[in-house]
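Predicted, not measured: the structure shown is a model, and the values here were computed from it. Numbers for residues simply follow the sequence, beginning at 1.
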Amino acid sequence: PVHGCTVHFVSNELDGGPAVLQGRVPVLPGDDEDALSARVQAAEHIIYPRAAGWFASGRLRLRNEVPELDGRALKEPVIVDTTD
């Protein structure tokens, strides 16, 4: 019922780095690839600039392979939920 996108720190493995931020979108009845893709892309336009801003301002960093936001370890990525 839910799909989305994730911002990771870069690693040697594709999508293998620590996850920082996720955008979640609903999968709606009657969705086709284009409709779902458009909602995922809209979520990407929210989460990518947010993660880049956190990093550029020093709020987000990677310490010992663990992402930290505002000095606190992220055990799970921050979620931006647009399923409502």
Side chain to side chain contact (heavy atoms under 4.5 Å, CB included) between Arg59 and Leu69, intermediate numbers included: CA-CA 5 Å; Arg59 293 182 60 199; Leu69 180 61; 4.1 Å; yes
Of the non-hydrogen atoms in [X] and [Y], which two are nearest, and what is the gap between them?
X	Y	value
Pro67	Ala19	CG-O, 3.8 Å
Pro18	Glu65	CG-O, 3.4 Å
Gly17	Ser11	N-OG, 3.1 Å

Considering residues, nucleotides and ligands other than Phe55, do more than 12 of their heavy atoms fall under 6.0 Å from its CZ? no
Minimum side-chain heavy-atom gap Val27-Pro1 below 4.5 Å: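 When only atoms from C-beta onward are counted, Pro1 and Val27 do not touch, as no gap falls below 4.5 Å.
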Counting C-beta onward and ignoring hydrogens, is there a side-chain heavy-atom pair between Arg39 and Leu28 closer than 4.5 Å? yes
Does one hydrophobic cluster hold both [X] and [Y], with members joined at side-chain heavy-atom distances below 4.5 Å?
X	Y	result
Tyr48	Val80	yes
Ile46	Trp54	yes
Leu62	Ile47	yes

Tell me, with the steps shown, if Leu74 and Glu76 meet side chain to side chain contact (heavy atoms under 4.5 Å, CB included). CA-CA 5 Å; Leu74 291 177; Glu76 296 183 355; over 6 Å; no
Donor-acceptor under 3.5 Å (Asp32 side chain, Asp34 main chain):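 Looks like yes, one N/O pair under 3.5 Å.
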Whether Thr82 side chain and Arg24 backbone form a donor-acceptor pair below 3.5 Å: yes
Show your working on side chain to side chain contact (heavy atoms under 4.5 Å, CB included) between Lys75 and Val66 and close with a plain yes or no. CA-CA 8 Å; Lys75 295 179 185 193; Val66 176; over 6 Å; no
From CA spacing to verdict: side chain to side chain contact (heavy atoms under 4.5 Å, CB included), Val40, His3: CA-CA 7 Å; Val40 170; His3 192 47; 3.5 Å; yes
Which of these, Asp70, Val7, Val20, Leu21, sits in a side-chain contact (heavy atoms from CB on, under 4.5 Å) with Leu60?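 Output: one option passes, namely Val20.
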